[in-house]
Amino acid sequence: MRVWDDSKVTMFDVETSGAKPEYALQPWRILSGDAWVTSFVSMEWVDGKAIYTGGVTHDDNLPVDEGRILCRRFMKDMLTMALDEGRTLVGWHVAFDAAVCIAYGFEKLVMQAKFLDGLLLWKHFDMEPEYEMAAHKKRPYGLKDFVTEYLPAHAGYEEEIDFHDSSPEARAKLHAYNEKDNRFTRIGARHWFKQLGPRQLKAALIEAESIPMVALANLRGLPIDTLVAHELSCKLANDAKRQAEALAEFGVTEKVVRSPVQLAKLMYEDWGLPVLKENKSKITGNTTRSTDKEVLHELAFIDPRAKQLRDYREALNNRTKFAEALVKSIAYNEDERTHPQARIFGTYTSRLTYSSGQKAKGAGKREGTVKGVNLPIGFALHQMKNDKLFRAQVIVPPGYGLLEFDASGQEYRWMAIASGDETMLSLCEPGEDPHSYMGARLGHVDYRELVRLKETDPEMQRLRKGGKFGNLSCQYRIGDKTLMVRARVQHNIPMEINEAKTTNFIYKRTYPGVPKYWDRQINETKQLGYVETFAGRRVQVVGDWGGRMAWSMGSTAINYKIQGTGGDQKYLAMAVIKDYLVSVGGYFIWDLHDGLYSFVPVQKMQQAAIDTKRLLDNLPYKKAWGFVPPIPMPWDAKMGFSWGDLKEVKF
DNA sequence: GAGTAGAGCGCC
DNA sequence: AAAGGGCGCTCTACTC
């Protein structure tokens, strides 16, 4: 659909409830009968007039099964008609509704159907990063927010709706409300659809193809090896305990370590350590003495207790966030799965983000829901430590294997293209190794010699590691000091400030096209007021280029084209592999920015790796974006049976 | 008790 | 003068 055509769309929306009110937002509870649809409405428009094409309210007098049969009938009609007539199903935050349809038994139809999302279109039109710290609250893009802003006469139409009251009157009201949702969804989706330029629209439509995949992934969830999780939890508890015992005599307790204020007092007043760094609040202007990782790293040279503090805090943090959270979510969900919920267009660069919890809000007065409580449905998947011990917790469902594809050197390659730097471009050709090249430049050795010895010679390995660090860190105007700290603290690479200076200097001399790209990109963005990815997706950059936010705005100009294109590339990849995955009985399960993970039946894994690789290495960039990358864009594959134990697939 | 600010930190 | 970017989660401190 390139222009909005009422004869090619169907609006729909589902309302849900459950054994507890908050279960309404947990579609996997539908499978166990603990959540259900209370109202389903689909509508079409002919000559501008709304036609109610299907709908049902949940009648609590009927047994749950019979209610479901009724609802299923309408859902099935809607889905099959949409497929037969080539209609797109339009909703607001529609991955949720799609997940409900899958839970009601229509996985096959949902995976074939086309979806569109009003929220998604609005974001594509409107997205701009927040530069003012004081205004860091994100703009909401809910349907209610759209109505309040653009249809103020109808603002507040959702008030007094009770999603969980099963009386006939309340259900009738709910159903009428659902119908309004459909009407407003059409107005909103149509409005934003028409506002978008052709390339923006195309990018949005490609992104929208991920909706059923994300719906299915959110619904299915991930199996966890609870034994591994338990062992990890114990190990981290022991690590913490060891440090706690060693530090106890110096006044360290868990409470102190977890509190920056108390820890600062202990270290700087009681122990008399020097204050190496201060934090200044951008809002209040208050300064506090930093106790962060970098400071502890530096202090460890004069007092070994600083290292112990760091280890102690790290063990405590990691245990809560990456071990206990998984176990807790498994227990809470009651389906032996953890359900990190992916949000499409979670960031303005179009990455998916994952949330670990569901906020129980509203309906606080109703039994069973405490307002403000965070329900532990998943974990912060996109932040999971890159460590075998942690990742091994995530396993596969019986009969499946895990297949990972990641876009090889994604940001390096897009930077090569964006900057047009000859050296970078040539290093993206088959057989070259950019990190060895940079390592050779930094270490004053011969590039080919380094490549030849990089597997065997420890010194060459060290140089290549430094080259990789330089390539990845210097791409976006990093400062010498930050570069040094980052090398030392995060990568354990010893580095003094002079060496950091040299690294930055050599980077710019190696790739002279990159600093030129920075300038060009900033100037272009000043002119246009927005930045565009290679796919045509845009983000607005408006503000005072002479003011204090100018640096941030410039960084967005530089950064967005690269990261945003990475996001577009991932969505294109998802769209292309969707049908193939279905055909082998597999499904997309999560993403990690430049990596796509799928569950595939064991006996199909090998073949799926080969076929998927072929699809991904030949993505239809020209057709999708009207742009052909001048260099190869290869994908690497790994497979295995747990996230912590994936083996490279050789082709 | 609820809500927010801030620090710190995990990933790519 | 100096400044990689993008996020979400967890904890404490503080305010009302």
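In what follows, every chain begins at residue 1, and chains take the letters A, B, ... in the order their sequences are listed.
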Would you say C:dC11 has OP1 or OP2 under 4.0 Å from some side-chain N or O of A:Thr320? yes

Round to the nearest Å and state the distance from A:Gln490 atom CD to B:dC12 atom P. 11 Å

Would you kindly give the CE-to-P distance between A:Met384 and C:dC9, to the nearest whole Å? 14 Å

Protein-nucleotide distance (A:Glu314, atom CD; B:dG10, atom P), rounded to Å: 5 Å

A:Gln410 near the nucleic acid: base, sugar-phosphate alone, or nothing, with a heavy-atom cut-off under 4.0 Å? nothing

Can a salt bridge be assigned to the pair A:Arg242 and A:Asp239 using a cut-off of 4.0 Å between side-chain N and carboxylate O? yes

Just N and O in the side chain of A:Thr353: are any of them under 4.0 Å from OP1 or OP2 of C:dG6? no

When the distance from OH of A:Tyr354 to C1' of B:dG10 is rounded to whole Å, what number comes out? 16 Å

A:Arg343 vs C:dG8: side-chain N/O to OP1/OP2 distance below 4.0 Å: yes

Please work out if A:Tyr560 contacts a base, only the sugar-phosphate, or nothing of the nucleic acid, heavy-atom cut-off 4.0 Å. nothing

For a quick test of reading the model: is some side-chain N or O of A:Lys255 closer than 4.0 Å to OP1 or OP2 of C:dC11? no

Let me know the distance between NZ of A:Lys481 and P of C:dA3, rounded to the nearest Å. 8 Å

Round to a whole Å and report the spacing from CG of A:Leu592 to C1' of B:dG10. 11 Å

Does B:dG10 have OP1 or OP2 under 4.0 Å away from a side-chain N or O of A:Asn386? no

N/O (side chain, A:Ser356) to phosphate O (OP1/OP2, C:dC9) under 4.0 Å: yes

Taking 5.5 Å and 30° as the limits, would you call A:Trp551 and the base of C:dA3 a stacked pair? yes

Please classify the nucleic acid contact of A:Lys321 as base, sugar-phosphate, or nothing, using heavy-atom distances under 4.0 Å. base

Which part of the nucleic acid, if any, lies within reach of A:Arg486 when heavy atoms closer than 4.0 Å are counted: base, sugar-phosphate only, or nothing? base

For A:Leu375 and C:dC9, give me the distance from atom CG to atom C1', rounded to whole Å. 15 Å

Sugar-phosphate only, base, or nothing, as touched by A:Thr291 at under 4.0 Å among non-hydrogen atoms: sugar-phosphate

Counting only side-chain N and O atoms of A:Gln262, is one of them less than 4.0 Å from OP1 or OP2 of C:dC11? no

Under 3.5 Å, is there a donor-acceptor pair between the A:Gln26 and A:Tyr332 side chains? yes

Which residue is it: A:Ile224, A:Leu381, A:Thr338? I am looking for the one with a side-chain contact (heavy atoms from CB on, under 4.5 Å) to A:Val394. A:Ile224

Verify the contact: side-chain N or O of A:Ser259 to OP1 or OP2 of C:dA13, cut-off strictly under 4.0 Å; return yes or no. yes

Just call it for A:Gln475: base, sugar-phosphate, or nothing, with non-hydrogen atoms closer than 4.0 Å on any strand. nothing

Indicate whether OP1 or OP2 belonging to C:dG5 is found under 4.0 Å from a side-chain N or O atom of A:Arg477. no

Between the side chains of A:Arg391 and A:Ser642, is a donor N or O closer than 3.5 angstrom to an acceptor N or O? no

Side-chain N,O (A:Ser290) to OP1/OP2 (B:dA7) below 4.0 Å: no

Go through the steps to decide whether A:Leu572 and A:Trp625 satisfy the test side chain to side chain contact (heavy atoms under 4.5 Å, CB included), and finish with yes or no. CA-CA 10 Å; A:Leu572 181 59; A:Trp625 303 350; 4.1 Å; yes

Contact class for A:Arg391 (heavy atom, under 4.0 Å): base, sugar-phosphate, or nothing? sugar-phosphate

State, without any angle test, whether A:Gln563 and A:Tyr476 hold a side-chain donor-acceptor pair at a distance under 3.5 Å. no

Could you check how far CE of A:Met484 sits from P of C:dG4, rounded to whole Å? 12 Å

